[in-house]
Amino acid sequence: MPIVQFTPLSSLVQPDFWHALTSLKIDVLKLSDASVAIRAAYTAGRTIRDRETGQEVPLGCELVVSGEAFTEEFQPPANAVAASGVFKNYNTIEDFKAADKTVLFNQVADEIWTSVKTNHDPSALNRFLLIAYADLKKYKYYYWFAFPAFTAKPAWTIASEWKPAHEELSEDAMRALHDALVKAPRAYWLVRIRAGKTEVAGVEEYEKFFEGVDPASQYISFLDPSALPQNPGWPLRNLLAYLRCLHPSTTSSLRVLCWRDTDLPASGSTWKSRLGLIEQGISENREERPSAVGWEKNAQGRLGPRVADLAPMMDPTRLADQAV
Amino acid sequence: MHAIQQQFWSVREYLSPVLKESKFKEHGRITPEEFVAAGDFLTYKFPVWTWEKGDASKARDYLPADKQYLVTRGVPCLRRATSLVYTDADEEAERLLSFDDASGTGKEEDEWVETHAGRAPMAEGAANPGVIDDIPDADDEGTHGVSAGMQSLSLGGKAAEETPDLDEIPDMEEDDLEAGDEATAAPRSAPGVIDSSQVEVAKGNLLQVRTYDVMITYDKYYQTPRIWLLGYDENRTPLTPSQIFQDVSADHAFKTVTIEPFPHSASLQAASVHPCKHANVMKKVIERMNSTVVADQIAKTSGPLTPGAGKEKKKGWFGRRNTSGKETPLPQTPGEEDDVVEGMRVDFYLVVFLKFIASIVPTIEVDSTTAM
């Protein structure tokens, strides 16, 4: 059976963020390189129809970091959910290079695992890590994101393919889900269909909510930033790890609903959410933290930092040059 | 020089009075209140657009504090405008729209190119000199400067210099940082992502999906909305100005589109379409639309009462009536006989404005209204 493959998150950093970082570095952090809390957001995956070929082109599976990332009262944009993270800014490029990335990564992964294991709290499942070095004089920002996700051993497999959710769920059920999620957007949730009624609950209510419900009417669901038809997005991995850890007896096979319909389908198109029945064989070890992966690859597809060169958009002399 | 100009513009905007009286049909300009009303309509009809409050210290007092400007993020842009190839067939599809039927003298300024779906048929650059008149232009070499600029856009040259120099990225790739993971989906191959070395030369069917954040502000001096663009390439790296110009139709790149400080942020710079001609163009578009809407409304009020007529679906919301103007529009009941023929409402201004902007940036899908 094919292994379920997840679309990795990729970071999209808005220029405002670098401006916010510049003032944070100069006015607040100064020479400190302590960790700072940071917030970001992601939305459901989108596709765009290419007007020349008629193809649906999937857009990226993005975590967006905006200029408000450092503010306490961060509000994710409409239809998006927030993710919190750890930000570490280094003073020199040497420090940035020399940073012990494995330690930093494991710290975040441990935090996620503690929240799962000890607190049974699903809100920390999408935590991320960002390390950076800001060359303020050259308007260059070196940065590297990590989105820790627990690996499953053995891997999850899918019996058939991911199929459109509306092939299995009724139109009414899809609408009920859409309405419930517009009212209260969340990253992860559970769905049950009982006596024709579609109900939604938080992941932490797993046992109570699914008690006495026909397994064929139980779904676990998440806001899916991926737009690829056969690949669910990265956030699903930690949700699976969470359920597997806390409810080992009932989760060896799960119906997963990848929710991608933050908007009602426009006329002429259909629902975009995907649905699949995935399975995992017996794994031996449930106590220790599974290993985690998730460093973002750079533009060359290698594990390495990215650079945002804002000189063309920030350097006064460069701006004067093009303004002829 | 540029800095002085910007200073001058900001002072000029500060000194110019706030437009009080609505005259959008007469000269295409709108008041801040109308901008807010049109923005409310846009955000209601197309929820991808949202109001932003921006930097509090930069807030304009003639606009509500929480409705300083409009923004939509992640607008896809599949192809470069410069890569749109023109064939004879395209030229036939191209159509100059004359709005002034009486004076059909072929005055180019009165004409507006209707963009073909997916394409941007453009008038010959030289045939449209009126557009650049008002723009302070320090380029003494005239067209030579522009063509040199265009050259640098296409193949290597200056553009290659401006892409982040990959050699400067610290050599710290750590491929052994994590072991291979079978459950990680492989990076998408074409058409999603292509090798960065090809970015500047790729054409045709290779898709380089860029995304744009598009902002609409209110320009107090020109009394029109103004559009701002922030772009990202397929690797989500911010675009340089010359890369942004690849998405601007050749008629407007280097002429009406420049990089300016974004008015609602302390430090952000963004590409902007200069609004000096917006009012004229908008006036013409509105005139044309208005006559259709008025005719439509007359036909509707005098015609027989057929509830749920088919026309209501397509054209109805151009001229839908609503007393307060700020409320979300309600479907007009077909039986409202005392309806005064009003023509196009100002709420619709920004929707029309986006259609006009779409002709300047043909490959950026700013005009979400075509989905209607």
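Here the structure is a predicted model, which means the values were calculated and not measured.
- For the pair B/Y232 and A/L12, the minimum side-chain heavy-atom distance is below 4.5 Å.
- No part of A/W156 comes within reach of chain B, as not one of its non-hydrogen atoms sits under 4.5 angstrom from that chain.
- With a 4.5 angstrom heavy-atom cutoff, B/L230 touches chain A only via side-chain atoms.
- Using a 4.5 Å cut-off between heavy atoms, A/E94 makes no contact with chain B at all.
- With a 4.5 Å cut-off on side-chain heavy atoms, B/Q269 and A/L310 do not count as touching.
- Contact check for B/R236 versus A/S10: side-chain heavy atoms found under the 4.5 Å cut-off.
- Neither the backbone nor the side chain of B/S265 has a heavy atom closer than 4.5 Å to any heavy atom of chain A.
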Next item on the list: Any chance you could lay out the side chain to side chain contact (heavy atoms under 4.5 Å, CB included) test for A/V64 and B/R73, step after step, and finish with the verdict?
Entry: CA-CA 10 Å; A/V64 180; B/R73 302 202 183 272; 5.5 Å; no
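- Only the backbone of B/L239 has a heavy atom closer than 4.5 Å to any heavy atom of chain A.
- A/Q5 and B/T184 get closest at one heavy-atom pair: NE2-O, 3.9 Å.
- Proximity to chain B among residues 13-26 of chain A is limited to A/V13, A/Q14, A/P15, A/D16, A/H19, judged by heavy-atom separations below 4.5 angstrom.
- For A/Y139, there are no ring-ring contact (aromatic ring centres under 6.0 Å, His included) partners two or more places apart in sequence or in a different chain.
- Counting heavy-atom pairs closer than 4.5 Å to chain B, the top-ranked of the candidates A/P8, A/S226, A/G67 is A/P8.
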